[in-house]
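In what follows, a structure is listed as structure tokens, so that the remarks can point back to it.
Hydrogens, waters and symmetry mates play no part in the numbers below; they use all other heavy atoms, side chains included. Protein chains get the first letters and strands the later ones, always in sequence-line order, with residue 1 at the start of each.
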Number of protein chains: 2
Amino acid sequence: MLFTFKNRFPNLNPYWEKYIALQQRVEYPAKTTLLREGKIAQNYYFIEKGCLRMWFDNQEKDTTFQFFFENEGVSSLESFQKNIPSAFTIETIEPSVIQILPKAVFNAMLKELDQNPDFLKALMEISFERQRHYMYEFLSRIRDTPIQRYVNLIKDRPHIVQRVPQHYIASYLGVTSVHLSRIKNQLARKK
Amino acid sequence: MLFTFKNRFPNLNPYWEKYIALQQRVEYPAKTTLLREGKIAQNYYFIEKGCLRMWFDNQEKDTTFQFFFENEGVSSLESFQKNIPSAFTIETIEPSVIQILPKAVFNAMLKELDQNPDFLKALMEISFERQRHYMYEFLSRIRDTPIQRYVNLIKDRPHIVQRVPQHYIASYLGVTSVHLSRIKNQLARKK
DNA sequence: TGCATTTGATAACAAATGTTATCGTCTTCC
DNA sequence: GGAAGACGATAACATTTGTTATCAAATGCA
């Protein structure tokens, strides 16, 4: 988040720099849980290297609904901001290098910049972007078949297909891994 | 939106009152299109009486993805703010009384309050709420079966089931109206 | 009032997707 | 280097959902 801010709102740079300096750099092996479903988020995570996924437990089945890669920030914002249990788990897929921003630091920043219109507008832009993301995902689930969704994924975000194990992609697409195999087979035969 | 503001941020009341006064009150019959998919949104609509739905054309099939009732505001925000074609249509379901806020008025307000932290925070809260809404809808599509979604709808938003024709509800749930009939039948037999 | 349209239920069949099980290959870790 | 587990493909069968068609009831409207 801070790095995103920094790149897009350089006029507030003095602030970003100050808070970025308070981050902590940590290396995690693959399949490490950063935030467990049901716990209260204590940190904001920024990915220096590696990738993460967000998922939740849906009747024993693990359902992935978002992937994150280098230079992206992650948290359960709802949990983070309101001190309520997180609705999902965040874990590493690959071994990853993460910059951790503790909640206390984030809150200090909020407090300091609380009356700064530029900062508020920056926050709002981030919020709009997240909104567009969920809107897009939502519409895609509604209107596209799993096959179309898979084709779109290959076209629009090929890095996901390349770096993420197939069963996570299947759950992200909303199908079983067996069915994703069928889809791949079907697409391969068409060519 | 203005009425929402007014109730929740009364400290800015002088502003709301001024702009609310510039709204225009119009009555529409049922099935009237307020904004057509592909057109650029020119107004923000506030429902005084009646109900609306948002839908888009998905390969000839009309797909409803949100309903609106009394005291709710509606627009294609993306289209409204960025002057791009709307991705969906907004139309009345019942005969409705609508308060129309023209874009020019809205923009004037934005300009006047652009540096006002309270206003920006108000805007942000609205944005967070919309974000939560789409997040919720998105997660519900992922984890719930159509039957569960229908049961939830009856439990959490019974007014929708009561006031909206079944084929719109079916498309909202993500099934055909034939299948929704089956679901209702199935639930009825269980009791 | 009466006719046309909309709405909703149901049946029969088709297509899509899930479930379970098996197998081979590839990774990981000691 | 070898064992255990993870990963992915495939087959057989079950379940869910869509498609098309038909009919009855409710509704809107001239």
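Minimum heavy-atom separation, A/Ser75 to A/Ala41: OG-CB, 4.1 Å. Across every non-hydrogen atom of A/Thr64 and A/Tyr168, the tightest pair is CB-O, 3.9 Å.
A sub-4.0 Å separation between OP1 or OP2 of C/dG18 and a side-chain N or O of A/Thr176 is present. For A/Lys184 and D/dG8, the shortest distance from a side-chain N or O to OP1 or OP2 is not below 4.0 Å. In this model, the phosphate group of D/dT10 is approached by a side-chain N or O of A/Asn185 to a distance below 4.0 Å at OP1 or OP2.
For A/Val178, counting side-chain heavy atoms from C-beta on, the closest listed nucleotide (C/dG18, D/dA11, D/dG8) is D/dA11.
Using cut-offs of 30° and 60° for the angle between ring planes, the A/Phe65 and A/Phe88 rings count as perpendicular.
For the pair B/Ile183 CD1 and D/dT15 P, the computed distance is 17 Å after rounding to whole Å. Residue B/Lys61 contributes atom NZ, which lies 15 Å from atom P of D/dT17 at whole-angstrom precision. Rounded to a whole Å, the CD1 atom of B/Ile169 is 8 Å from the P atom of C/dG8. Per the geometry, CD belonging to B/Glu94 stands 13 Å off P belonging to C/dT7, to the nearest Å. When the P atom of D/dT17 is taken as reference, atom CD1 of A/Ile142 falls 16 Å away, rounded to whole Å. A straight line from CD of A/Gln148 to P of C/dA16 spans 12 Å, rounded to a whole angstrom. Distance, A/His179 NE2 to D/dA11 C1': 15 Å, rounded to whole Å. Between the P atom of C/dT17 and the OH atom of A/Tyr150 lies a distance of 15 Å, rounded to the nearest Å.
Distance check, rounded to the nearest 0.5 Å: OH of B/Tyr134 to OH of A/Tyr134 gives 14.5 Å.
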Considering only nitrogen or oxygen atoms on both sides, find all protein atoms under 3.5 Å from nucleotides 3-7 of chain D and state each distance.
from  : atom 1 : to       : atom 2 : distance (Å)
D/dC7 : OP2    : A/His167 : NE2    : 3.2

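Residue A/Arg36 places its CZ atom among 12 or fewer non-hydrogen atoms of other residues, nucleotides or ligands, all under 6.0 Å distant.
Remark: the B/Arg182 side chain and the D/dG18 base include a donor-acceptor N/O pair separated by less than 3.5 Å.
Heavy-atom distances under 4.0 Å link DNA chain D to no residue of residues 153-161 of chain B.
Put simply, the residue from B/Glu72, B/Glu137, B/His133 that forms a side chain to side chain donor-acceptor pair (under 3.5 Å) with B/Gln66 is B/His133.
Both cation-pi conditions hold for B/Lys103 and B/Phe80: the charged atom is under 6.0 angstrom from the six-membered ring centre and inside a 45 degree cone around its axis. Note that A/Arg143 lies in the cation-pi zone of B/Phe56, set by a 6.0 Å cut-off to the ring centre and a 45° limit from the axis.
Position along DNA chain C of the nearest nucleotide to B/Ser177 versus A/Val175 favours B/Ser177 as the more 5'-ward residue.
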Quick one, A/Arg53 with A/Asp62, criterion salt bridge (Lys or Arg N to Asp or Glu O under 4.0 Å). Give me CA distance, side-chain angles, the key distance, then yes/no.
CA-CA 11 Å; A/Arg53 71 187 184 109; A/Asp62 129 348; 2.8 Å; yes

